Amino acid sequence: QVQLVESGGGSVQAGGSLRLSCAASGYTYSTNFIGWFRQAPGKEREGVAAIYTGGGNTYYAASVKGRFTISQDNAKNTVYLQMNSLKPEDTAMYYCAASSMGIYGPYLEDDKYDDWGQGTQVTVSS
């Protein structure tokens, strides 16, 4: 099992930036992907970005491509989500999750992820 702890959420005005962190511990050797997901009140959880921990390949939802960047620091067992040009519709609880799925994905489907963090709130005001 992998333990995940998110941090870095907060409140920001539209156009601003935030960087989320996801620190992983435990049995990380079986983890192939770390993904970021978000869930707004009354909406389904959606995949935002994912990174293949073995090679650094990244994958993004269309709604955030060009604005968000996922990256990893293997020495720290930490994955980051840099969020720029934030919009009010980005407001949600953000979760990171770990998956042992194969390299062909699907990378942004939450049912492919096994372990989840507790989430961090991001609020973007207009």
Side-chain angles (χ1 to χ4, degrees):
Q1 190 174 8
V2 179
Q3 290 78 47
L4 302 165
V5 179
E6 304 97 333
S7 61
S11 297
V12 65
Q13 289 192 328
S17 299
L18 284 173
R19 189 178 80 156
L20 306 183
S21 298
C22 173
S25 62
Y27 193 67
T28 61
Y29 296 101
S30 64
T31 297
N32 288 334
F33 290 89
I34 297 288
W36 283 99
F37 295 80
R38 66 186 181 186
Q39 188 167 24
K43 294 189 176 181
E44 291 189 355
R45 185 163 56 191
E46 65 169 330
V48 173
I51 188 165
Y52 173 52
T53 59
N57 308 63
T58 57
Y59 308 91
Y60 297 95
S63 58
V64 305
K65 198 167 187 178
R67 300 188 298 123
F68 291 11
T69 303
I70 189 171
S71 62
Q72 62 181 354
D73 184 334
N74 289 332
K76 296 182 178 180
N77 269 356
T78 300
V79 170
Y80 303 98
L81 186 67
Q82 178 67 44
M83 306 186 296
N84 298 329
S85 302
L86 282 162
K87 304 175 181 180
E89 50 263 44
D90 294 317
T91 295
M93 183 72 78
Y94 283 71
Y95 302 88
C96 66
S99 174
S100 58
M101 66 177 157
I103 61 172
Y104 298 108
Y107 313 112
L108 297 179
E109 291 188 11
D110 58 0
D111 62 354
K112 300 303 181 185
Y113 286 78
D114 310 301
D115 300 296
W116 292 79
Q118 83 289 348
T120 186
Q121 178 68 37
V122 172
T123 303
V124 184
S125 58
S126 56

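What you are looking at is a predicted structure, and each value in this text was computed from that prediction instead of being measured.
Of the possible donor and acceptor atoms, none in the side chain of Thr91 sits under 3.5 Å from a partner among the backbone N and O of Thr123. Between the side chain of Asn32 and the main chain of Met101, a donor-acceptor pair closer than 3.5 Å is present.
Note: Ser85 OG to Arg67 CZ = 7.0 Å, rounded to the nearest 0.5 Å. The line from CG of Leu108 to CH2 of Trp36 is 14.0 Å long, rounded to the nearest 0.5 Å. In this structure, CG in Leu4 is found 12.5 Å from OG in Ser21, a value given to the nearest 0.5 Å. Rounded to the nearest 0.5 angstrom, Ser25 OG and Gln3 CD are separated by 4.5 Å. To the nearest 0.5 Å, atoms CG (Asn74) and OG1 (Thr53) are separated by 7.5 Å. Note: Asn77 CG to Thr31 OG1 = 9.0 Å, rounded to the nearest 0.5 Å.
Side-chain contact, Asp73 with Thr78: no donor N or O sits under 3.5 Å from an acceptor N or O.
In this structure, the side chains of Tyr80 and Leu20 stay at 4.5 Å or more apart for every pair of heavy atoms. Contact check for Val124 versus Lys87: no side-chain heavy atoms found under the 4.5 Å cut-off.
For residues 104-113, every residue pair satisfying the salt bridge (charged side-chain N to carboxylate O under 4.0 Å, His left out) rule, not counting sequence neighbours, is listed here: Arg45-Asp110. Note on residues 16-40: pairs passing salt bridge (charged side-chain N to carboxylate O under 4.0 Å, His left out), not counting sequence neighbours, are Arg38-Glu46, Arg38-Asp90.
The nearest pair of heavy atoms linking Ser99 to Tyr113 is CB-CD2, 3.5 Å. Contact detail for Ser126 and Pro88: the closest heavy-atom pair is CB-CG, 3.9 Å.
More than 12 non-hydrogen atoms from other residues, nucleotides or ligands lie less than 6.0 angstrom from CD of Gln118.
The aromatic ring centroids of Phe37 and Tyr94 lie 6.0 Å or more from each other.
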